[in-house]
Amino acid sequence: MSSVQRALRLLEAVGAHEDGAPAKQLAREAGLPLPTAYHLLRTLTHEGYLHRESGLFRYGDAVRRLGAGRTGLPAPPDQPGKPDYQPGNQPGQSGLVPGPADRLARTVTALAGELGVAVYFAVYREGEVDVLATADAPGAPAVEEWADFRQTAHAHAIGQCLLAQLDEAERADHFARYPVRALTPYSVRDEAGFHRRCAARRPLQPVCEREEYALGTVCAAIPLIAGETAATLAVSTPLARAERLRPAVDSLRSRVGALIGSLSFSISI
């Protein structure tokens with residue numbers, strides 16, 4: 001079954017619940033593994049086809065616009081901050097300008113193509129790791145989410161970097177909901193071990209992990225200062241091409257100041 005078919009099954013499942021439904025129920029009804037469903041639901045939400053509120057998924061504006069195009073009814077107006085195209089707001093402008101999600105996707109895709117590694121942008125909000133954008137590079141596909149990123153933040157560089165930016169109470173709350181467990185022979189084994197790592201790391205230092213989330217993959221994440229929101233720009237590459245990681249991290253660190261302006265608006269997506 002292709003990714004498109006899986007996404008359509010999820011959309012059909014969502015359509016059966018007028019008041020929305022949680023990810024686990026939708027995965028079960030669509031006949032999909034939970035990690036696959038989580039990944040697709042996040043992508044569909046990011047693109048505006050779904051809207052998530054209080055843990056429930058329902059149709060988003062992009063689906064309603066598709067329906068409007070079919071029936072001839074006027075489409076609903078774009079909402080600020082939605083991951084979709086937004087009408088131009090200059091006097092006399094009749095075209096469309098890219099919305100925040102589109103600009104974010106272009107930025108991340110351009111970085112992946114330039115650096116030759118997969119690139120990710122993620123934030124921590126409402127107690128969850130939220131990967132807002134990913135981009136593949138030739139020979140360096142984005143890591144497959146075989147275990148839910150939110151529940152395994154302790155194991156991957158993205159989550160480790162975000163959790164390191166939280167205070168003790170926020171980390172304690174996270175681990176109360178998502179206990180530390182080893183995913184590979186190289187993963188941190190317990191919560192105490194994770195805290196020792198955090199204590200040994202200097203502020204704003206990149207976080208690197210080698211095969212802790214996925215065997216055969218190395219990752220690194222750079223902490224970003226974006227107001228009160230924990231954010232990170234991360235990269236990954238197959239272990240066989242690990243030599244690409246350090247140059248990519250150094251390049252990103254040298255331009256963080258220029259990038260933060262183009263990324264920080266995306267936190268509201």
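Computed from a prediction, not measured in an experiment: that's the story for all the values here. Worth knowing before you read on, the calculation uses all heavy atoms, side chains too, and leaves out hydrogens, waters and symmetry mates.
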Group every Ile, Leu, Val, Met, Phe, Trp and Tyr by side-chain heavy-atom contacts under 4.5 Å, then state whether [X] and [Y] land in the same group.
X: Leu245; Y: Val108; result: yes
X: Leu8; Y: Val63; result: yes
X: Phe194; Y: Leu183; result: yes
X: Leu41; Y: Tyr178; result: no
X: Leu56; Y: Tyr59; result: no

Determine all donor-acceptor pairs shorter than 3.5 Å in which one atom belongs to a side chain in residues 11-22; sequence neighbours excluded.
unit_1 : atom_1 : unit_2 : atom_2 : d
His17  : NE2    : Glu29  : OE1    : 2.8
His17  : NE2    : Glu29  : OE2    : 3.0

[X] and [Y]: which non-hydrogen atoms are nearest, and at how many Å?
X: Tyr120; Y: Ala142; answer: OH-CA, 3.4 Å
X: Leu115; Y: Ser251; answer: CD2-OG, 3.6 Å
X: Thr45; Y: Arg52; answer: CG2-N, 4.3 Å
X: Thr217; Y: Cys219; answer: CG2-SG, 3.8 Å
X: Thr184; Y: Arg189; answer: O-NH1, 3.5 Å
X: Ala7; Y: Leu40; answer: N-CD1, 3.9 Å

CA sep, side-chain torsions, deciding dist, call: Arg241, Val218, side-chain contact (heavy atoms from CB on, under 4.5 Å):
CA-CA 9 Å; Arg241 300 188 178 188; Val218 292; over 6 Å; no
Please walk me through it: do Arg177 and Arg150 pass side-chain contact (heavy atoms from CB on, under 4.5 Å)?
CA-CA 10 Å; Arg177 292 178 289 115; Arg150 296 180 300 173; over 6 Å; no
To the nearest 0.5 Å, what is the distance between [atom1] on [X] and [atom2] on [Y]?
X: Leu224; Y: Cys161; atom1: CG; atom2: SG; result: 7.5 Å
X: Phe121; Y: Ile222; atom1: CZ; atom2: CD1; result: 12.0 Å
X: Leu163; Y: Glu170; atom1: CG; atom2: CD; result: 10.0 Å
X: Arg42; Y: Glu47; atom1: CZ; atom2: CD; result: 13.5 Å
X: Leu26; Y: Arg9; atom1: CG; atom2: CZ; result: 14.0 Å
X: Trp146; Y: Leu215; atom1: CH2; atom2: CG; result: 8.0 Å

What residue among Val129, Leu162, Val131 forms side chain to side chain contact (heavy atoms under 4.5 Å, CB included) with Thr232?
Leu162
Under 3.5 Å, which donor-acceptor pairs link side chains of residues 198-208 to any protein atom two or more places apart or in another chain?
unit_1 : atom_1 : unit_2 : atom_2 : d
Gln205 : OE1    : Arg202 : N      : 2.9

Report the relative orientation of the aromatic rings in Phe149 and His156; use parallel for angles under 30°, tilted for 30 to 60°, perpendicular for over 60°.
tilted
Please check: side-chain N/O of His51 versus main-chain N/O of Arg58, any donor-acceptor pairing under 3.5 Å?
no
Any donor-acceptor pair under 3.5 Å linking the side-chain atoms of Glu145 with those of Tyr213?
no
Quick one about Glu191 and His195 (side-chain donor to acceptor, distance below 3.5 Å, no hydrogens or angles considered), yes or no?
yes
Listed partners of Glu168 passing side-chain contact (heavy atoms from CB on, under 4.5 Å), at least two apart
Arg171
Begin with the C-alpha distance, continue with both residues' side-chain angles, and end with the deciding distance and a verdict on side-chain contact (heavy atoms from CB on, under 4.5 Å) for Arg253 and Val249.
CA-CA 6 Å; Arg253 292 185 75 185; Val249 170; 3.9 Å; yes
